[in-house]
S.K.: 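Dropping a structure here in structure tokens format, bear with me for questions.
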Amino acid sequence: VIGLCSVINFGANLAKKANDPVYIAAVMKSVGGMQSPLPEGFAYQMAIEAFNMHAVTFVYKPDNTAIMLGAMELPDQKIDDARQMVKELALRGIPGFADSFEEEKSGQLPVADQTMEYLVGKSVDRDGTRISAMLGCIFDKAKKRQIVLYGFSPSGPFNFEAAKTLVSG
């Protein structure tokens, strides 16, 4: 019973903080510097710090494209670069978002002094529903962490230019 109460309390506190602008700014700082203010059309949606992950979700208001940036420690796996990681994430899915990812195109995007490896294609959930999405990854070996981008457009093709504007600024 005490464990269940602790989990419920943890979830309630997380939900309460997730939309607080001061909390979002603090989490964004731990993920990595972003333009301030955000590029035109973007708004912070929520932030979360849990289980050694710091993540912020943005929405591009004109078309409701959602983009999540999450920072976490580099994996202790045999994966040692961003290209391998983005391919691995496409195969095994993004917990809570997609069971798999169907690649349509791939490439690299400069982000500050790093390079993001990315895929654009279709995110597939458990029910087989496909939506246009983007999956990206940066390995920051100096800070021993990775930054993962997952974005999707609820209708229509994924707005790659919006994602590029958000992370390249």
S.K.: Scan side-chain atoms only and decide if Ser153 and Thr65 contain a donor-acceptor pair under the 3.5 Å cut-off.
M.R.: yes
S.K.: Look up atom CE in Met116 and atom CD1 in Ile138, then write down how far apart they are to the nearest 0.5 Å.
M.R.: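 CD1 of Ile138 is found 4.0 Å from CE of Met116.
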S.K.: Give the minimum heavy-atom separation between Ser123 and Tyr150, together with the two atoms involved.
M.R.: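 Closest pair (atom of Ser123, atom of Tyr150, distance): OG-OH, 2.6 Å.
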S.K.: Before accepting this row, confirm whether a basic side-chain N of the pair Glu117/Arg83 lies closer than 4.0 Å to the acidic partner's carboxylate O.
M.R.: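 Between Arg83 and Glu117 there is a salt bridge, with a charged N closer than 4.0 Å to a carboxylate O.
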S.K.: For Phe58 and Tyr44, take the angle between the two ring planes, folded into 0 to 90°, and tell me which bin it lands in: parallel under 30, tilted 30 to 60, perpendicular over 60.
M.R.: tilted
S.K.: Taking atom CD of Glu73 and atom CD of Gln146, what is their separation to the nearest 0.5 Å?
M.R.: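 The CD atom of Gln146 is 10.0 Å from CD of Glu73, to the nearest 0.5 Å.
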S.K.: Show the nearest heavy-atom pair for residues Pro154 and Asn64, with the distance to one decimal.
M.R.: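 Heavy-atom minimum between the residues: CD-O, 3.3 Å.
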S.K.: Check whether any side-chain heavy atom of Ile48 lies under 4.5 Å from a side-chain heavy atom of Met53, and answer yes or no.
M.R.: yes
S.K.: Between Thr165 (side chain only) and Glu161 (backbone N and O only), is there a donor and an acceptor less than 3.5 Å apart?
M.R.: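 Present.
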S.K.: With rounding to the nearest 0.5 Å, note down the distance linking OG in Ser155 to CD1 in Ile131.
M.R.: 10.0 Å
S.K.: Side chain to side chain contact (heavy atoms under 4.5 Å, CB included) for Leu135 and Val86? Distances and angles first, verdict last.
M.R.: CA-CA 7 Å; Leu135 182 56; Val86 81; 3.8 Å; yes
S.K.: Between Ser132 (side chain only) and Gly156 (backbone N and O only), is there a donor and an acceptor less than 3.5 Å apart?
M.R.: yes
S.K.: Could you walk me through whether Leu166 and Leu38 pass the side chain to side chain contact (heavy atoms under 4.5 Å, CB included) check?
M.R.: CA-CA 8 Å; Leu166 180 66; Leu38 290 174; 4.3 Å; yes
S.K.: Search all heavy atoms of Phe158 against all heavy atoms of Met134 and return the closest pair with its distance.
M.R.: CE2-CB, 3.3 Å
S.K.: State, to 0.1 Å, how close Val167 and Val111 come at their nearest heavy-atom pair, and which atoms those are.
M.R.: O-CG1, 3.3 Å
S.K.: Tell me the closest heavy-atom pair linking Phe139 and Gln114, and the distance in Å.
M.R.: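 Of all heavy-atom pairs spanning Phe139 and Gln114, the closest is O-OE1, 3.4 Å.
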S.K.: Restricting to non-hydrogen atoms, name the atom on Val120 and the atom on Phe160 that form the minimum distance, rounded to 0.1 Å.
M.R.: CG2-CD1, 3.9 Å
S.K.: For Leu119 and Phe101: C-alpha separation, side-chain torsions, deciding distance, then whether side chain to side chain contact (heavy atoms under 4.5 Å, CB included) applies.
M.R.: CA-CA 9 Å; Leu119 305 175; Phe101 192 91; 3.7 Å; yes
S.K.: When rounded to the nearest 0.5 angstrom, what distance separates OG1 in Thr57 from CD1 in Ile67?
M.R.: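 Between atom OG1 of Thr57 and atom CD1 of Ile67 there are 10.0 Å.
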S.K.: When you compare the side chain of Leu89 with that of Val148, does any pair of heavy atoms fall below 4.5 Å?
M.R.: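 Val148 reaches Leu89 side chain to side chain.
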S.K.: What I'd like to find out is whether the side chain of Ser168 reaches to under 4.5 Å of the side chain of Leu109, using heavy atoms alone.
M.R.: yes
S.K.: So do the side chains of Lys122 and Glu103 get within less than 4.5 Å of each other, counting heavy atoms only?
M.R.: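 Answer no - side chains too far apart.
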S.K.: Decide yes or no on side chain to side chain contact (heavy atoms under 4.5 Å, CB included) for Met72 and Arg145, but give the supporting numbers first.
M.R.: CA-CA 5 Å; Met72 60 213 80; Arg145 68 183 190 147; over 6 Å; no
S.K.: Look at the side-chain heavy atoms of Ile, Leu, Val, Met, Phe, Trp and Tyr, link any pair under 4.5 Å apart, and say whether Val124 and Phe152 land in one connected group.
M.R.: no
S.K.: Any ion pair linking Arg130 and Glu102 (charged N to carboxylate O, less than 4.0 Å)?
M.R.: yes
